[in-house]
Visitor: 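Structure below; questions to follow.
Note that ligands are numbered from 1 as they come in the structure, with each ligand's atoms numbered from 1 the same way.
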Amino acid sequence: MKNLILAIDTSCDETSAAVTSGRKILSNVISSQINLHKKYGGVYPALAKRAHQERIDPVIREALKRAQTEMEKIVAIAVTYGPGLAIALEVGINKAKEISSSFKKPLIGINHMEGHLYSPLAQNKNGKPKREIIFPALALLVSGGHTELVLMKNHGQYQVLGQTLDDACGEALDKAAKIIKLGYPGGPIIEKLAERTKENKYPLHPSMKQKDSLDFSYSGLKTQFLYLVQKMNQKEFNQNILQLAASFQLAAFEQLIRKTASGIKLYAPKTILCGGGVMANQRLRKDLRKLAKKNKLPIFFPPFKKLVTDNAAMIGVAAGYKLERKEFVKNLKELDREPRLSL
Ligand code: KG4
Ligand code: ZN
């Protein structure tokens, strides 16, 4: 294998390192902190930082070991420098700089959302699946921190068409789960409950700010859901948890589908790419596949489970294209965390 990249991501609550070669993944080690943060119902930044510091070295060692390689064979180091939690990002950046300077390897800075965008193109070490993007591509990126519709004109060329004006879709699912007293993270729990009922017993239609734009908004939906639950007595609430989960999920996804449909109409893309933690959801995948089929468009999701939520392999795949273009960090001091970095 040539052009091996060691990639690192510590943007939120997963400490991850991977070894990639172009689009091929040789290893993808993820140490999740979900159990640490569960009792806070969300990510607790200071705890995340400490956990990243404790785990980063063993995670990198394991990534090299699983790829059956060593530092000498690595051609470049890639690291996420934003968006994300500032003190968490810093741990990965500092480690990447340290390795880059001690082993004299070039450093590549990657936008975490660019990683999610490239996740559908990742392959196993045998080069499967073989997928090709035909440009322009329309990417729908839906995670805990972001909800974005992006037009990709070529590798490395992005135009953000729409993004959330308030909460991200994953964040809204997490908050809704909290409102109905379920655990964290809420997305997968809501999916499991919603699967068990077909009803839309509580149709939710919050009024949307900027209805005609491609921007998203989830705070109105969350507020409407909160009022709905607050008005219920205990018995009604207990008997309708499945229906509440299903109705919230439906309304949350309806907005994603509607805006993606508008994006297709306005920009006539030739490929649809889907990435981010919420894409783990089978119902959402089904609805998006239906939309793509209606428009006769190929649609690609992350091909392996570990590529959906945060991971370093997707950072390595994105970095592969920057390596081809020799887009390296010129001066190590220049690379700093950018918590609000956009595409
Ligand atoms: O991409 P990700 O791991 O982290 C960020 O970069 O934010 O996304 C995490 C988000 C959480 O909000 C979580 O609730 C959501 O993805 N999520 C899901 C599912 N699995 C994770 N949402 C809906 N259905 C799922 N199966
Ligand atoms: Zn992410």
Visitor: Need the ligand 1 atom indices (1-based, order shown) with element for anything under 4.0 Å from a heavy-atom of T309.
Guide: 3 (O)

Visitor: Considering heavy atoms of the protein only, find what lies nearest to atom 26 (N) of ligand 1 and give residue, atom and distance to 0.1 Å.
Guide: E191 OE1, 2.8 Å

Visitor: Looking only at N, O or S atoms, which one in H112 sits nearest to the Zn ion (ligand 2)?
Guide: NE2

Visitor: So is G144 polar-close to ligand 1, meaning N/O to N/O under 3.5 Å?
Guide: yes

Visitor: Is C12 in contact with ligand 1, taking contact as a heavy-atom separation below 4.0 Å?
Guide: no

Visitor: For F135 and H155, take the angle between the two ring planes, folded into 0 to 90°, and tell me which bin it lands in: parallel under 30, tilted 30 to 60, perpendicular over 60.
Guide: perpendicular

Visitor: Side chain or backbone of H112 under 4.0 Å from ligand 1, or both, or neither, by non-hydrogen atoms?
Guide: side chain

Visitor: Do other residues, nucleotides or ligands put more than 12 heavy atoms under 6.0 Å from K201 NZ?
Guide: yes

Visitor: Numbering the atoms of ligand 1 from 1, which are under 4.0 Å from a heavy atom of G170?
Guide: 12 (O)

Visitor: Should the pair K181 and F237 be classed as cation-pi, given the thresholds of under 6.0 Å to the six-membered ring centre and 45° from the axis?
Guide: yes

Visitor: To the nearest 0.1 Å, how far is atom 6 (O) of ligand 1 from its closest protein heavy atom, and which atom is that?
Guide: D310 OD1, 3.1 Å

Visitor: May I ask you to check whether over 12 heavy atoms, not counting those of Q68, lie within 6.0 Å of atom CD?
Guide: no

Visitor: How far is atom 24 (N) of ligand 1 from its nearest protein heavy atom, and which residue and atom is that?
Guide: N281 ND2, 3.1 Å

Visitor: Tell me whether the count of non-hydrogen atoms from other residues, nucleotides or ligands lying under 6.0 Å of CZ in R131 goes above 12.
Guide: yes

Visitor: Shortest non-hydrogen contact from A319 to A78?
Guide: CB-CB, 3.5 Å

Visitor: Can you say whether the rings of Y158 and Y118 are parallel (under 30°), tilted (30 to 60°) or perpendicular (over 60°)?
Guide: perpendicular

Visitor: Under 4.0 Å from ligand 1, counting heavy atoms only, is it the side chain of D174, its backbone, both or neither?
Guide: side chain

Visitor: With atoms numbered from 1 as shown, which atoms in ligand 1 lie under 4.0 angstrom from a non-hydrogen atom of L173?
Guide: 22 (N), 23 (C)

Visitor: Say whether E14, considering both its backbone and side-chain N or O atoms, lies within less than 3.5 Å of an N or O atom on ligand 1.
Guide: no

Visitor: Could you tell me how the ring of F216 sits relative to the ring of Y218: parallel (under 30°), tilted (30 to 60°) or perpendicular (over 60°)?
Guide: parallel

Visitor: Within less than 2.8 Å of the Zn ion (ligand 2), any N, O or S from H146?
Guide: no

Visitor: When you compare ligand 1 with V308, is there at least one nitrogen or oxygen pair between them that comes in under 3.5 angstrom?
Guide: no

Visitor: For N238 and Q234, which I'm curious about, is there any donor-acceptor pair between the side chains at under 3.5 Å?
Guide: yes

Visitor: Does any N, O or S atom in C12 come within less than 2.8 Å of the Zn ion (ligand 2)?
Guide: no

Visitor: Quick one: does ligand 1 sit under 4.0 Å from the side chain of I190, the backbone, both or neither, non-hydrogen atoms only?
Guide: neither

Visitor: For D310, what is the atom name of its N, O or S atom nearest to the Zn ion (ligand 2)?
Guide: OD1

Visitor: I'd like to know whether CZ of R285 has more than 12 heavy-atom contacts from other residues, nucleotides or ligands below 6.0 angstrom.
Guide: yes

Visitor: So is there a nitrogen or oxygen of G145 less than 3.5 Å from a nitrogen or oxygen in ligand 1?
Guide: yes

Visitor: I'd like to know whether ligand 1 has H116 as a neighbour, heavy-atom separation below 4.0 Å.
Guide: yes

Visitor: Above 12 or not: heavy atoms from other molecules or residues under 6.0 Å from CZ of R340?
Guide: no

Visitor: Any donor and acceptor pair, going by atom type alone, linking the side chain of N233 with main-chain N or O of E236 inside 3.5 Å?
Guide: yes

Visitor: What I want to know is whether G187 and ligand 1 share at least one N or O pair that is separated by under 3.5 angstrom.
Guide: yes

Visitor: Going by distance only, is there an N or O of F253 that falls short of 3.5 Å from an N or O of ligand 1?
Guide: no

Visitor: So which of I87, L85, I8, T15 actually passes side-chain contact (heavy atoms from CB on, under 4.5 Å) with H52?
Guide: T15

Visitor: Hey, are N3 and S21 close enough side-chain-wise for a donor-acceptor pair under 3.5 Å?
Guide: no

Visitor: Return the minimal non-hydrogen interatomic distance between E191 and Q249, and the atom names on each side.
Guide: CA-OE1, 3.3 Å

Visitor: What residue and heavy atom of the protein are closest to atom 15 (C) of ligand 1, and at what distance?
Guide: V278 CG2, 3.9 Å

Visitor: Could you tell me if any non-hydrogen atom of Q249 lies under 4.0 Å from any atom of ligand 1?
Guide: no

Visitor: For H146, which part has a heavy atom under 4.0 Å from ligand 1: side chain, backbone, both, or neither?
Guide: neither

Visitor: Please state which protein non-hydrogen atom is closest to atom 21 (C) of ligand 1 and give its distance, to 0.1 Å?
Guide: G277 O, 3.4 Å

